[in-house]
Protein chains: 2
Amino acid sequence: MRQVSNGADLGRLVGYQLKRVQAALRSAMDAALRPHDLTTPQYACLELLDQRPGLSNAELARGAFVTRQSMNVLLRNLEDAGLVERPASAPQGRALPTTLTAEGRARLVAARGDVLEIEQRMTAHLDAEQADLLLGHLERMTDALDPRPRDSPTLT
Amino acid sequence: MRQVSNGADLGRLVGYQLKRVQAALRSAMDAALRPHDLTTPQYACLELLDQRPGLSNAELARGAFVTRQSMNVLLRNLEDAGLVERPASAPQGRALPTTLTAEGRARLVAARGDVLEIEQRMTAHLDAEQADLLLGHLERMTDALDPRPRDSPTLT
DNA sequence: AACCCTATGTCAAACTGTTGACATGAGGCA
DNA sequence: TGCCTCATGTCAACAGTTTGACATAGGGTT
């Protein structure tokens, strides 16, 4: 035997390459957002709010893949910075609907260009068909891992 | 105008879907490794050491996408648990070559099956050709984001 | 109505990981 | 030799995130 029956080459695992891309992407986004005084989770939160105004803390947390507690402190920071607004009391239930302020929208628009440029650079070698295929594969991979139906703040 | 000129749907961004898959994968791996008393970063470290025995702390850090400092405490934990070994002094330079102990290898082999099962489940909908294509795309996406040549602890 | 279950917001503690800094060893070069 | 640069290991301080817990609001169910 030439190999001690090692597992498959790590680089051949989709999981490893996923982690690798995501690390590079996160690093690139942090660098691009720093001049805008935003972190990557903060930017994600602003994007979610722009797309679906009035999302609650818990819904934002699920959309950004963090816990409610993490999103709560993140929202407090954004609130202190004047980028988002929350009513003092819940209009119904306990959920506090969050919305972007004018400044929040402005900061988002300013940062979005730089972030989209990274997305473009990352997927530059893919044509439209390949990109669609890739997106489909990624979604199906998530569904295969996470049996939950997802109330999907990302969907229409 | 029906839409306020929002940016593209978040779900259509490769970056967002990447984050989503990776979150689901990390969650699934944590759950699968818990019975083995291993965290996902610890498992990654063991895999790296199995594939390339004698890697230094800094090299392991790069391979696992964390800082030297994080990997250092991770290695201390694995050392205290008796899963890895490091010489008291560096044979040359400052790098301390790390190797798996017999118990470390045993724990790795025990856990590997459960992790590979997750990989299989995640990529079940892909045939061999599609999987290869996906791997190639992911690698090229990383390269596009990270211009560094990478001394590649993942390569031969 | 009374009960149970779920979801939400929030507090506190613990952990993990990062940034910043410093000393050590190796190699290159004047 | 001396100096410069780089990489490594390690320490300390910090930030971000998670886990655990609790009270509140709403919807079912009996």
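Letters A, B, ... mirror the listed sequences (proteins, then strands); counts begin at 1.
Using a 4.0 Å heavy-atom cutoff across all strands shown, B/L74 reaches no nucleic acid atom at all. Residue B/V73 is out of contact with every strand shown, counting any heavy-atom pair closer than 4.0 Å.
Ion pair A/D143/B/R20 flagged as a salt bridge, since at least one NZ, NE, NH1 or NH2 atom sits closer than 4.0 Å to an Asp/Glu carboxylate oxygen. We find that B/R26 and B/D30 are joined by a salt bridge, their nearest charged nitrogen and carboxylate oxygen being less than 4.0 Å apart.
Between A/N72 and C/dG9 there is no side-chain N or O to OP1 or OP2 distance below 4.0 Å. Between C/dG27 and B/R94, no contact under 4.0 Å exists linking OP1 or OP2 to a side-chain N or O. Contact check, A/R86 against C/dT8: no side-chain N or O comes under 4.0 Å of OP1 or OP2. Of the side-chain N and O atoms in B/S56, none sit less than 4.0 angstrom from OP1 or OP2 of D/dT8. Side-chain N/O atoms of A/R68 include none lying less than 4.0 angstrom from OP1 or OP2 on D/dG20. The phosphate of C/dG17 (OP1 or OP2) has no side-chain N or O of B/T67 nearer than 4.0 angstrom.
Rounded to whole Å, the distance from CG on B/L96 to P on C/dG25 is 12 Å. In this structure, the CZ atom of B/R26 is 11 Å from the C1' atom of D/dT17, given to the nearest Å. If you take CZ of B/R62 and P of C/dT18, they are 14 Å apart, rounded to a whole angstrom. Atom-to-atom, CG of A/N77 to C1' of C/dT10 comes out at 15 Å; the value is rounded to the nearest Å. One can place CD of A/E59 at 12 Å from P of C/dA7, the figure rounded to the nearest angstrom. Counting to the nearest Å, the P atom of C/dT8 and the CG atom of A/L55 are 11 Å from each other. A straight line from CE of B/M71 to C1' of C/dT18 spans 14 Å, rounded to a whole angstrom. Straight-line distance from the CD atom of B/E79 to the C1' atom of D/dT10: 13 Å, rounded to whole Å.
Closest-nucleotide positions on DNA chain C for B/S70 and A/Q69 were compared, and the one nearer the 5' end corresponds to A/Q69. Each of B/R34 and B/P97 lies near DNA chain D, and the nucleotide nearest B/P97 is the one positioned closer to the 5' end. Two residues, A/A58 and B/G93, neighbour DNA chain C, and the one matched to the more 5' nucleotide by heavy-atom proximity is A/A58.
You'll find the side chain of A/Q17 stays beyond 4.5 Å of the side chain of A/V14, heavy atoms only.
If you check the side chains of B/Q51 and A/D9, you find a donor sitting under 3.5 Å from an acceptor. There is no side-chain donor-acceptor pair under 3.5 Å between A/E139 and A/T142.
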